[in-house]
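Structure first, commentary second.
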2 protein chains.
Amino acid sequence: MNMPRTPHPARSRNPAPATADGAPVSTGGVSAAQAADSYGFSEHTRGLLECAATLCARQGGRMTPQRRDVLGLILQADAPVGAYDLLERLRVSDRRPAPPTVYRALDFLLEHGLIHRIERLSAFVPCTHLSHEGEGDTHAHDFPASQPMQGGASACGHEHGACGVHAAQFLICRACGGVTEIADTPRILDMLRTVCREKAFTMQSASVEVEGLCATCAGRQGKADGVQGAGTEQ
Amino acid sequence: MNMPRTPHPARSRNPAPATADGAPVSTGGVSAAQAADSYGFSEHTRGLLECAATLCARQGGRMTPQRRDVLGLILQADAPVGAYDLLERLRVSDRRPAPPTVYRALDFLLEHGLIHRIERLSAFVPCTHLSHEGEGDTHAHDFPASQPMQGGASACGHEHGACGVHAAQFLICRACGGVTEIADTPRILDMLRTVCREKAFTMQSASVEVEGLCATCAGRQGKADGVQGAGTEQ
DNA sequence: TGAACGGATGTAATATTATTACATTCTTTT
DNA sequence: AAAAGAATGTAATAATATTACATCCGTTCA
């Protein structure tokens, strides 16, 4: 499982990747989508944020500064992030958001298929689909605005759209905390669709979460049982 | 979402199915497995509890009164039960358990494959496997004591044993709150096994949770949009 | 027998995650 | 410019879960 995303659920690491300059720019008058940020987002992240704003707009949603900041922090993190970690990381430059602020942003991002919630961790990760669109063609899903797709899933089993099914599969390592999204195949989702059809159940969202040991940690445990360490899954 | 009455996750319904007689019998001197209960468990439930005690014993676990009571309440409920609901229902006849009591019992039952936790509801349901053993052959899994099975899954994809993989699939209706365990096929679990093998991931537990509308509620929504009601799923 | 041990339970306090309710502000529409 | 609707701010609280430590109880074994 090659995952760029590293160790333990980033619950409380990285004090806050804030810029030296403390200007509260993200609340400025500029369009939310391209507003400057106080969080030192990488160029790559900013690119994905642009892409996300476009996707939102097509669905009739607004990528406001709050939502942008939250999504940016999730994209930037190297592990699943909890709501209260986001809250802490948002505490920069005179802003002190309260829980509802973050939860509202998270709800929006979930509804628009930009992030996933990992139930077993009560934490959030970006939808890989966004990254895939970020690299290369920015408009892979060229469905018309306000006409979200129904049913026809992309190869990775995701759909960006408030009305579509948003599903994801994760492998969660208990030793290192690494999380891998299985997005390279529609096999699992297809099977779920079949089962639901058999049961006349209308699927709206689905999650598959497998907990266990990634290749690396399983190896370690084999050698020295009980030894668990930090490290990237796989 | 307006969901007026009943079959919601049984979070706070059924005040407490206690017997008229308030004797704290379950703490008596008799063996935990066949101790009398203060909760008015049905004969069927008591049968399943017996069966569960046997399974536990084989795995070197002890079915204590606490654990028995918690499992009984979960078996008896007609919907997923939350930890704090269990806590309330246990508040009968002079006993006032605290959260750790319930969580410890739940952990035990989870480890021994007697119940499942539905992540999206933070609630617990019995493992259908237990019921299946309850009807008919009580000893379907005749693996030797202290020799839990590894890998070879039963048809429903479950394994009763602290060392085996315990996996389950659920359909959760957002309208009526009904939950259906898909246990009639190993298809999904088999596929997960395959994926994990490909990724060299050691699966220890897995959950599949699909949220949407059950057949009944989907029909209702079709007729009168927005109308969602009580009713058991399926 | 009884001391030692380990598993199980009791208890208080607290941590973590999430929501409700309502006031305010901002954006878009009219 | 007023109205409507979406988004945010704020305080309080609900719901879920864990930690830490004391006690009890059954088993083992000296």
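This one's a predicted model, so the numbers in the text were calculated from it and none came from an experiment. Below, chains carry the letters A, B, ... as their sequence lines are ordered, and counting in each starts from 1.
Partners of B/T101 under the side chain to side chain donor-acceptor pair (under 3.5 Å) rule, at least two apart in sequence or in another chain, do not exist in this structure. In this view, A/Y103 satisfies the ring pair (Phe, Tyr, Trp, His ring centres under 6.0 Å) rule with no residue, not counting sequence neighbours. Partners of B/R104 according to the salt bridge (charged side-chain N to carboxylate O under 4.0 Å, His left out) rule, which considers only residues two or more places apart in sequence or in another chain, do not exist here. Every residue was checked against the side chain to side chain donor-acceptor pair (under 3.5 Å) condition with B/E209, not counting sequence neighbours, and none meets it.
An end-to-end axis angle of 20° holds for the helix from C/dT1-D/dA30 to C/dT30-D/dA1, taken from five base pairs per end and rounded to 10°.
In this structure, B/R91 places its CZ atom 12 Å from P of C/dG10, rounding to the nearest Å. Atom CG of B/L106 is separated from atom P of D/dA17 by 9 Å (rounded to the nearest Å). Regarding A/Y103, its OH atom lies at a distance of 9 Å from the C1' atom of C/dT19, rounded to whole Å. Residue A/R96 contributes atom CZ, which lies 16 Å from atom C1' of D/dA11 at whole-angstrom precision. Distance A/L121 CG to D/dA17 P: 14 Å, rounded to the nearest Å. Atoms CZ (A/R120) and P (C/dT16) sit 22 Å apart, rounded to a whole Å. Remark: C1' of C/dA18 and CD1 of A/I118 are 18 Å apart, rounded to the nearest angstrom.
Proximity of A/P126 to A/I74: side-chain heavy atoms (C-beta onward) are separated by under 4.5 Å at one or more points.
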Distances under 3.5 Å between nitrogen or oxygen atoms of protein and nucleotides 6-8 of chain D:
unit_1	atom_1	unit_2	atom_2	d
D/dA7	OP1	A/R67	NH1	3.3
D/dA7	O5'	A/R67	NH2	3.4
D/dT8	OP1	A/T64	OG1	2.5

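Nucleotides of DNA chain C nearest to A/D107 and B/P97 differ in position, and the one nearer the 5' end is that of B/P97.
Of the charged side-chain nitrogens involved, none lies within less than 4.0 Å of a carboxylate oxygen, so that A/R117 and A/D107 do not count as a salt-bridged pair.
For B/H166 and B/H112, the distance between ring centers is not under 6.0 angstrom.
Across all strands, A/P100 comes closer than 4.0 Å to base atoms (heavy-atom distances).
Annotation: cation-pi geometry satisfied between A/R67 and A/F108 (NZ/CZ under 6.0 angstrom from ring centroid, within 45° of ring axis).
When all heavy atoms of A/L189 and A/A167 are compared, the pair lying nearest together is CD1-CB, 3.6 Å.
By the 5.5 Å and 30° criteria, A/Y84 is stacked with the base of C/dT17.
Distances shown here put a side-chain N or O of A/R117 below 4.0 Å from the OP1 or OP2 atom of C/dA18.
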